[in-house]
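Right, one structure below, let's go through it.
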Number of protein chains: 2
Amino acid sequence: MSTSPTAPSAPVRLLICDDHAVVRAGLLALLGSAPDIEVVGEAGSGAEAVALAGRLVPDVVLMDLQLGPGIDGVEATRRITAPRDGAPYVLVLTTYDTDADITRAIEAGATGYLLKAERPEELFAAIHSAAQGRTALSPPVAGRVMARMRSPRPVLTARELDILGQLARGLGNRDIARALFISEATVKTHLGRIYDKLGVDTRAGAVAVAKEQRLLP
Amino acid sequence: MSTSPTAPSAPVRLLICDDHAVVRAGLLALLGSAPDIEVVGEAGSGAEAVALAGRLVPDVVLMDLQLGPGIDGVEATRRITAPRDGAPYVLVLTTYDTDADITRAIEAGATGYLLKAERPEELFAAIHSAAQGRTALSPPVAGRVMARMRSPRPVLTARELDILGQLARGLGNRDIARALFISEATVKTHLGRIYDKLGVDTRAGAVAVAKEQRLLP
DNA sequence: TGCGGGGTCAACCGATCGGATGACCCCGGT
DNA sequence: ACCGGGGTCATCCGATCGGTTGACCCCGCA
């Protein structure tokens with residue numbers, strides 16, 4: 001656009017990825033009729049999206065984050081946007097505006113993050129923005145990103161997430177220790193730090209917060 | 001159909017309800033082109049759906065369960081299907097196949113329960129089924145309903161849910177007792193029963209199961 | 001009238017937790 | 001070479017939890 005203001009830009013080549021066939025069909029019906037958008041393919045799983053992105057060389061991949069079993073939207077985004085020639089831009093289109101989701105998607109290389117609640121016109125605009133590598137965020141998402149900057153969220157280490165996972169199964173310290181091949185003392189040390197980071201002081205509270213923030217699978 | 005096999009049936013009058021504008025637009029594009037379906041309106045909230053259902057007298061309401069703030073899909077379904085003349089059938093179209101969601105939707109009067117992961121053809125078929133009051137369930141949903149029949153789900157009493165709610169805040173027995181104006185002994189009694197019903201034996205496990213089954217708001 | 005379910009309370013005991021402190025190791029970055 | 005963060009382990013103690021048993025009350029239902 002900035003390079004050729006006179007020539008009518010070619011339609012944006014779009015790849016749709018969503019595990020819900022109905023939603024996929026709906027998006028296809030909605031976007032397929034737009035003159036400046038060409039839907040070159042659709043994927044129902046992360047693996048399929050990665051494969052098609054390589055084969056169809058789309059300009060933009062419209063990516064849902066919730067993709068059922070197999071690799072998820074974040075991982076698919078990471079692979080699709082892996083540095084190489086002509087890597088497509090990924091525009092995340094999802095339901096949730098959870099902090100963790102947004103962070104992970106952006107870290108994985110997403111160019112934009114749109115909510116399905118957005119107006120269709122915003123979607124059209126975002127697709128064209130993404131095609132040029134410009135970031136497009138839904139207002140609620142943008143708000144959360146700002147908030148995040150102001151007060152960073154607790155970041156648990158991988159090991160702490162291990163402990164938390166066992167904790168959510170209702171295991172006692174001894175069993176957690178056995179499950180992770182460490183001593184009970186170590187478990188207690190980790191738990192203490194987890195309590196600190198999550199701002200709680202009981203195991204039940206930790207599990208509640210963890211589930212709330214979707215820290216666990 | 002069974003009454004007039006020769007006359008081409010009139011198109012099914014359909015009302016779409018989904019809080020996600022993009023999804024709504026997609027469904028409209030998808031279903032609006034079907035010759036035997038007439039989309040007579042769309043709603044972005046439960047309240048709007050109830051109002052439009054009364055005004056537009058559709059044959060079928062396509063209802064998402066997750067509707068953001070305000071009355072949810074279940075409550076909207078309940079009101080729309082309230083016994084009266086010409087009450088439309090409600091076909092639930094949602095993402096989740098949680099036991100609790102299914103149960104609540106059916107109890108509220110839903111005629112069918114379809115997952116968005118279903119193939120679009122199934123959606124068309126389900127809409128026509130619903131128009132005649134015939135039940136249509138996605139296979140995973142049907143499976144869960146069957147499973148439910150075989151092993152009924154733990155049903156916590158209101159009081160037990162109170163205790164569980166406080167538990168999820170990470171409170172100790174003493175604080176739970178104070179919060180609910182009962183003795184610590186009573187709290188322990190309730191907790192014991194909750195453990196039994198949820199099949200766990202620790203507070204952390206109880207919270208995990210509760211969050212998993214969406215037993216708490 | 002009796003029965004059962006739900007809610008409340010008590011007392012007891014062993015097991016576990018929460019918190020604090022100090023220590024060691026390994027690794028990556030300055 | 002030094003330092004800091006992450007992971008590991010140990011020990012101590014008071015507080016809390018989990019499990020059990022038994023009891024009382026109220027209410028709806030047979």
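Reminder, nothing fancy here: chain letters follow the sequence lines and each chain counts from 1.
- Salt-bridge annotation for A:Glu184 and A:Lys188: absent, with no side-chain N of the basic residue lying under 4.0 Å from a carboxylate O of the acidic one.
- Using a 4.0 Å heavy-atom criterion, one finds that A:Gly172 contacts the sugar-phosphate atoms exclusively.
- If you measure from atom CG of B:Leu180 to atom P of C:dC9, you get 11 Å, rounded to the nearest angstrom.
- Side-chain nitrogen and oxygen atoms of B:Arg159 include at least one within less than 4.0 Å of the OP1 or OP2 phosphate oxygen of C:dT8.
- Residue B:Ser183 is in sugar-phosphate contact alone, with no base atom involved, counting any heavy-atom pair closer than 4.0 Å across all strands shown.
- In this structure, B:Asn173 reaches the D:dC17 phosphate: one of its side-chain N or O atoms is under 4.0 Å from OP1 or OP2.
- Each of B:Thr94, B:Thr77, B:Leu93 was scored for a side chain to side chain contact (heavy atoms under 4.5 Å, CB included) with B:Met63, with one residue passing: B:Thr77.
- Side-chain proximity of B:Asp201 to the nucleotides C:dT16, C:dT8, D:dG19 is greatest for D:dG19.
- Closest approach to the A:Glu184 side chain among D:dT11, C:dC9, C:dC17 is made by C:dC17 (side chain taken as heavy atoms from C-beta onward).
- Summarising the geometry of A:Thr202 relative to A:Tyr195, their closest heavy-atom pair is O-CE2, 3.4 Å, with the distance given to 0.1 Å.
- Protein atom CG of A:Leu171 is 15 Å distant from nucleotide atom C1' of C:dC17, rounded to whole Å.
- Between A:Thr202 and the phosphate of C:dG18, there is no side-chain N or O to OP1/OP2 separation shorter than 4.0 Å.
- Between A:Leu191 atom CG and C:dT16 atom C1' the separation is 12 Å, expressed in whole Å.
- B:Arg203 places its CZ atom 11 Å from the P atom of D:dT16, with the value rounded to the nearest Å.
- Atom CD1 in B:Ile182 sits about 16 Å away from atom P in C:dG6, given to the nearest Å.
- If you take OG1 on A:Thr186 and CG on A:Leu180, they are separated by 10.0 Å, rounding to the nearest 0.5 Å.
- Distances shown here put a side-chain N or O of B:Thr186 below 4.0 Å from the OP1 or OP2 atom of C:dC9.
- Note on B:Thr189: a base of the nucleic acid sits closer than 4.0 angstrom, heavy atoms only.
- Closest of all the heavy-atom pairs between B:His128 and B:Gln132 is O-NE2, 3.3 Å.
- Take the nearest nucleotide of DNA chain C for B:Phe181 and for A:Ala204: the residue whose nucleotide is more 5' is B:Phe181.
- One atom, CD1 of A:Ile176, and another, P of C:dT16, lie 13 Å apart when rounded to the nearest Å.
- The side chain of A:Lys188 lies closest to C:dG18 when the candidates are D:dT16, C:dC9, C:dG18.
- The shortest distance between the side-chain N/O atoms of B:Tyr195 and the OP1/OP2 oxygens of D:dG18 is below 4.0 Å.
- One can place CG of B:Asp162 at 15 Å from P of C:dG6, the figure rounded to the nearest angstrom.
- A heavy-atom distance below 4.5 Å is found between the side chains of A:Val22 and B:Leu27.
- If you take CD1 of B:Ile163 and C1' of D:dG18, they are 16 Å apart, rounded to a whole angstrom.
- In the set C:dC9, C:dT8, D:dT8, C:dT8 carries the atom at the smallest distance from any side-chain atom of B:Arg193.
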